There are 2 protein chains.
Amino acid sequence: MKNKIKVFRAEQGWSQQVLADKLGVSRQAVNAIEREKHDPSLQLAFDIAYVFNANIEDVFFPETK
Amino acid sequence: MKNKIKVFRAEQGWSQQVLADKLGVSRQAVNAIEREKHDPSLQLAFDIAYVFNANIEDVFFPETK
DNA sequence: TCTAAAGGTAAGGTAAACATTACATATTGT
DNA sequence: ACAATATGTAATGTTTACCTTACCTTTAGA
């Protein structure tokens with residue numbers, strides 16, 4: 001699953017640790033999702049979109065099936 | 001995580017089995033998600049929204065955090 | 001009413017999304 | 001240059017989102 005977390009995060013000037021703290025997850029979780037090692041849960045995807053004031057569809061891009 | 005899968009499914013007149021087949025998952029998976037026993041993966045949430053011609057935000061409703 | 005389809009649920013297994021800890025490298029500020 | 005911060009990554013463990021099989025109850029059609 002492609003995502004633009006790094007772009008949104010850079011716009012806010014937040015480190016992975018700062019974002020992780022806002023989300024209540026570990027920095028490694030943010031890092032793994034950002035580098036697309038795995039997908040976030042649906043709840044976490046909502047949380048991520050929320051902290052960036054965006055919709056899930058603005059941040060995450062599934063393969064068209 | 002609240003969702004309106006049953007409503008969307010009823011609109012289309014699809015059984016859980018039919019929806020499961022369209023999604024490529026088991027009927028039990030659809031049943032468990034629909035009854036909110038657990039959340040779908042982000043990919044499956046996208047797939048569900050897609051088959052209903054909707055956005056994720058139209059189908060799934062996280063607790064505001 | 002009888003039968004078939006639909007839906008609910010339980011047991012048991014696998015894979016992946018988290019966690020924590022730890023360490024190495026890269027980047028940035030003074 | 002040095003120190004502090006940021007990032008990448010590995011090991012190991014837990015939880016949960018799936019799976020299959022199976023069985024029971026409910027609903028709907030002939």
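Chain letters run A, B, ... following the sequence lines, proteins first, then strands; residues in each count from 1. What you see is a predicted model, and the numbers here were worked out from it, not measured in a lab.
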task: Could you state the atom-to-atom distance from CD1 of Ile33(B) to C1' of dG7(C) in whole Å?
output: 15 Å
message: Can you give me the first and the last nucleotide of DNA chain D (5' to 3') that has an atom within less than 4.0 angstrom of a non-hydrogen atom in chain B?
response: dA17(D) to dA22(D)
- prompt: Atom CG of Asp39(A) to atom C1' of dA15(C): distance rounded to whole Å?
  reply: 13 Å
field: Contact list for DNA chain C against residues 4-20 of chain B - heavy-atom distance below 4.0 Å
entry: Arg9(B), Ser15(B), Gln16(B)
task: Summarise protein proximity over nucleotides 20-30 of chain C in one line of letters, 5' to 3': B for base, S for sugar-phosphate only, - for none, counting protein heavy atoms closer than 4.0 Å.
output: BBB--------
query: Within the pair Asn31(B) and dG7(C), is there a side-chain N or O less than 4.0 Å away from OP1 or OP2?
result: no
- line: Whole-Å distance, Lys37(B) NZ to dT9(C) P, equals 6 Å
- prompt: Would you say the side-chain atoms of Asn31(A) and Arg27(A) include a donor-acceptor pair closer than 3.5 Å?
  reply: no
- prompt: Does any non-hydrogen side-chain atom of Pro62(B) lie less than 4.5 Å from one of Tyr50(A)?
  reply: no
- request: Step by step, work out the side-chain contact (heavy atoms from CB on, under 4.5 Å) result for Leu42(A) and Ile56(A).
  value: CA-CA 9 Å; Leu42(A) 181 57; Ile56(A) 287 188; 4.3 Å; yes
task: Can you tell me the distance, in whole Å, between the CZ atom of Arg35(A) and the C1' atom of dA16(C)?
output: 16 Å
- request: May I have the distance from Leu42(A) (atom CG) to dC18(C) (atom P), rounded to whole angstrom?
  value: 11 Å
- line: Double-helix bend of the helix from dT1(C)-dA30(D) to dT30(C)-dA1(D), axes at both ends from 5 pairs, round to 10°, gives 60°
- request: Tell me, please, which residues at least two apart from Phe52(B) pass ring pair (Phe, Tyr, Trp, His ring centres under 6.0 Å).
  value: Phe8(B), Trp14(B)
query: Once you round it to whole Å, what is the distance between C1' of dA6(C) and CD of Glu34(B)?
result: 11 Å
Set of side chain to side chain contact (heavy atoms under 4.5 Å, CB included) partners for Asn55(B), sequence neighbours left out: Glu57(A), Glu57(B), Asp58(B)
query: Which heavy-atom pair separates His38(B) from Ala32(B) by the least distance, and what is that distance?
result: NE2-CB, 3.5 Å
message: Measure CD1/Ile48(A) against P/dA17(C) and give the value in whole Å, please.
response: 12 Å
query: Below 4.5 Å, heavy atoms only, C-beta onward: do Val25(B) and Asp47(B) meet side chain to side chain?
result: no
Taking every non-hydrogen atom, the tightest pair across Phe60(B) and Asn3(B): CD2-CB, 3.6 Å
- prompt: Has His38(A) got a side-chain N or O lying under 4.0 Å from the OP1 or OP2 atom of dA16(C)?
  reply: no
